[in-house]
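Order of the sequence lines sets the chain letters (A, B, ...), proteins ahead of strands, with each chain counted from 1. Quick note: numbers below take in every heavy atom, side chains included, and nothing from hydrogens, waters or symmetry partners.
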Protein chains: 2
Amino acid sequence: MRHLCMPQGLAADEIPKLEALVCTARTVKRGSTLYRSGEPFSNLYAVRTGSLKTVLTHRDGREQVTGIHLAGEALGLDGIGEDTHTCHAVALEDSSVCIMPYDALKALCRESGSVQQRLHKLMGEQIVRETSHMMLLGSLNAEERVATFLLDVSERHAKRGYSPSKFHLRMTREEMGSYLGMSLETVSRMLSRFQKRGIIEMEGKLIRIADFAALRSM
Amino acid sequence: MRHLCMPQGLAADEIPKLEALVCTARTVKRGSTLYRSGEPFSNLYAVRTGSLKTVLTHRDGREQVTGIHLAGEALGLDGIGEDTHTCHAVALEDSSVCIMPYDALKALCRESGSVQQRLHKLMGEQIVRETSHMMLLGSLNAEERVATFLLDVSERHAKRGYSPSKFHLRMTREEMGSYLGMSLETVSRMLSRFQKRGIIEMEGKLIRIADFAALRSM
DNA sequence: CGCCCGATTGATAACGCTCAAGGCAAGTGG
DNA sequence: CCACTTGCCTTGAGCGTTATCAATCGGGCG
């Protein structure tokens, strides 16, 4: 369990308490939903293996991918605000998640300052991630968005001990486009452009970053 | 103090504890900053009077307004994730805020479940607000963005007991544009268009919404 | 084998940005 | 008190980035 998001920064004697809490797990098949918008909120999740997207649906039916959640990352925080999930969580590949009942977690927070600290940190990090994504959507052009996205995914892979330079994008171009606020065609064009310039190598969804500096300088 | 964001949902006997905590206040003059990106995080704030914006600065200098905070709303949650503020908070008009030391608030959370609940709710609401703003930035066109923004401000005014149909936008067109991911000229054009259609009346920053249904149907 | 989904690439068009000019209101200094 | 400056807003013209539409291709799966 030490590879997961929750225990970081906890004292050794608190980890067992947390383990007792998160003992349950669940698998989510590619394309199926972990939870839906409107469902009552009762659990937080930690992605154990695989990856999921969160999707917000506008009343007219338009959909926007609001988050990508890789192994080791948290999921479900969207439900805390209104006791109801406000978006769907859909698996990008066959995945498994740890279930953390929110009420139990809250109770544990009152016993343990470091659990409390950890939960606050998770929420705070989500807030920061989202504001920087707002900056991406509001201020960057298509090329900069795709470059930023590749670097972001790379960094998150590295944090979990995987190669930062070679990884599988589990989503479609359309999902990437939705997340980045652009059409799937523009995503494809930007990736092709990067490949033509020798910045990345690409084979379908498999990406190898050849020139980090070039991506960073955009 | 009952008009503020923090006490909502607390038991009567807990409000005094909270009051002891948030006794200090601070004024922020129009254009001056309450906190800056990079500063160590130690306080949350509740806007008492006036309004502030939060601004994220890209390394190349580009700025994006990531939030507008009206009277009664919370401020400063961006610092929780990394113990450091990640954006600037700047007053849109002469304003005053309550200061809530975060460490003391954390301690109070461990004593009182309802204070804990309240703090979680504030963070959760911020997360939900931000995802729906991501949807706005990623999927709506200029007209829809401005319409959505007007309705949002209207609703937040209403929640505090002010008129939902007539209010002062304290920010410049440029700040609105930055928040909505568009140029100040486009903001101006959209407002003019709404006025021409009789949907709003406008006199500089003073807005009167004449036709809510028209705004909502965009 | 054929079908369908996803990706790529091109052509065209539109939405919104940039640049520019002008106006209005408030503040400043002579 | 008036000329001048300054900041903000509005409006127009032209252009560029990116969306849309369309055709083609390849791979996976029934």
Side-chain angles (χ1 to χ4, degrees), chain A residues 29-31 53 58 60 62-65 90-94 136-150 168-197 200-208 218, chain B residues 29-32 53 62-65 90-94 136-150 168-197 199-208 218:
Chain A
K29 285 229 175 299
R30 183 196 143 97
K53 64 175 175 179
H58 199 68
D60 65 8
R62 271 177 290 190
E63 291 194 341
Q64 163 102 15
V65 174
V90 182
L92 294 169
E93 59 190 308
D94 290 356
L136 178 146
L137 291 169
S139 300
L140 304 192
N141 64 27
E143 188 177 83
E144 294 166 329
R145 290 182 203 192
V146 175
T148 304
F149 177 69
L150 291 179
H168 233 87
L169 288 175
R170 297 295 178 166
M171 70 216 75
T172 66
R173 299 289 189 256
E174 182 165 22
E175 287 163 333
M176 266 181 79
S178 173
Y179 183 55
L180 299 176
M182 55 207 247
S183 69
L184 69 100
E185 293 94 333
T186 303
V187 171
S188 178
R189 275 184 249 271
M190 292 304 136
L191 289 173
S192 298
R193 180 187 293 181
F194 292 167
Q195 186 167 40
K196 220 164 285 168
R197 292 188 193 157
I200 65 171
E201 289 164 32
M202 189 179 37
E203 203 184 310
K205 302 192 181 195
L206 188 66
I207 302 280
R208 200 181 76 75
M218 288 182 178
Chain B
K29 285 230 175 298
R30 183 197 144 99
S32 67
K53 63 175 175 179
R62 272 178 288 189
E63 291 193 343
Q64 163 100 18
V65 174
V90 182
L92 293 169
E93 58 191 308
D94 291 355
L136 177 146
L137 291 169
S139 301
L140 305 192
N141 64 29
E143 189 177 82
E144 293 166 331
R145 291 183 201 191
V146 175
T148 303
F149 177 70
L150 292 178
H168 233 88
L169 290 176
R170 296 297 177 164
M171 70 216 77
T172 66
R173 300 290 189 256
E174 183 166 22
E175 287 163 333
M176 268 181 78
S178 172
Y179 183 55
L180 299 176
M182 54 207 250
S183 69
L184 71 100
E185 292 94 333
T186 303
V187 172
S188 178
R189 276 185 250 270
M190 292 305 136
L191 289 173
S192 298
R193 180 188 295 182
F194 291 166
Q195 187 167 41
K196 219 164 286 168
R197 292 188 194 158
I199 297 170
I200 66 171
E201 289 165 31
M202 189 179 39
E203 205 184 310
K205 303 191 182 197
L206 188 67
I207 303 280
R208 200 180 77 75
M218 288 186 179

- Would a 4.5 Å heavy-atom cut-off, applied to side chains only, mark B:Leu169 and B:Phe149 as touching? yes
- Heavy-atom contacts under 4.0 Å between residues 186-193 of chain B and DNA chain C, which residues? B:Thr186, B:Arg189
- Spacing of A:Leu184 atom CG relative to D:dT18 atom P, expressed in whole Å: 15 Å
- Query: In terms of heavy-atom contacts, does CZ of A:Arg30 have more than 12 from other residues, nucleotides or ligands at under 6.0 Å?
  - Reply: no
- Task: Determine whether the side chains of A:Gln64 and B:Ser139 contain a donor N or O and an acceptor N or O closer than 3.5 Å.
- Result: yes
- Item | Backbone N/O of A:Glu174 and side chain of A:Ser178: donor-acceptor pair under 3.5 Å | no
- Task: Assess whether side chain to side chain contact (heavy atoms under 4.5 Å, CB included) is satisfied between A:Glu201 and A:Leu206, documenting all intermediate values.
- Result: CA-CA 8 Å; A:Glu201 289 164 32; A:Leu206 188 66; over 6 Å; no
- Given atom CZ of B:Phe194 and atom C1' of D:dC9, what is their separation to the nearest angstrom? 17 Å
Please list, for nucleotides 22-30 of chain D, all pairs of protein and nucleotide N/O atoms separated by less than 3.5 Å.
none

- Here the residues of residues 141-149 of chain A within 4.0 Å heavy-atom distance, strictly under, of DNA chain C are none
- Query: What's the shortest heavy-atom distance between A:Val187 and A:Arg173, and which atoms?
  - Reply: CG1-CD, 3.9 Å
- Task: Using a heavy-atom cut-off of under 4.0 Å over every strand shown, decide if B:Ser183 touches base, sugar-phosphate, or nothing.
- Result: base
- Task: Check the pair B:Thr148 / B:Arg145 against side chain to side chain contact (heavy atoms under 4.5 Å, CB included), numbers first and verdict last.
- Result: CA-CA 5 Å; B:Thr148 303; B:Arg145 291 183 201 191; 5.8 Å; no
- Task: Start with the C-alpha gap between B:Met182 and B:Val146, add the side-chain angles, then the distance that decides, and say whether side chain to side chain contact (heavy atoms under 4.5 Å, CB included) holds.
- Result: CA-CA 10 Å; B:Met182 54 207 250; B:Val146 175; 3.4 Å; yes
- Query: In a check of side-chain contact (heavy atoms from CB on, under 4.5 Å) between A:Arg193 and each of A:Gln195, A:Lys196, A:Met190, which one passes?
  - Reply: A:Met190
- Item | Residue list, side chain to side chain contact (heavy atoms under 4.5 Å, CB included) with A:Arg170, at least two apart or on another chain | A:Ser51, A:Leu92, A:Glu93, A:His168
- Query: Does a side-chain heavy-atom distance below 4.5 Å link A:Phe194 with A:Glu143?
  - Reply: yes
- Please step through side chain to side chain contact (heavy atoms under 4.5 Å, CB included) for the pair A:Arg208 and A:Ile200, ending with a clear verdict. CA-CA 6 Å; A:Arg208 200 181 76 75; A:Ile200 65 171; over 6 Å; no
- Query: Should B:Lys53 and B:Glu63 count as an ion pair when the cut-off is N to O under 4.0 Å?
  - Reply: no
- Query: Tell me: CD of B:Glu203 to C1' of D:dC9, nearest whole Å?
  - Reply: 13 Å
- Query: Just the endpoints, please: which first and last nucleotides of DNA chain C, 5' to 3', lie under 4.0 Å from a heavy atom of chain A?
  - Reply: C:dA7 to C:dA11
- Roughly, in whole Å, what's the span from NZ in B:Lys196 to P in D:dT10? 11 Å
- Query: Taking everything shown except A:Lys29 itself, do over 12 heavy atoms lie less than 6.0 Å from its NZ?
  - Reply: no
- Under 4.0 Å from any atom of DNA chain D, heavy atoms only: list the residues of residues 174-181 of chain B that qualify, in numerical order. none
- Do A:Leu150 and A:Leu191 touch side chain to side chain, with heavy atoms closer than 4.5 Å? yes
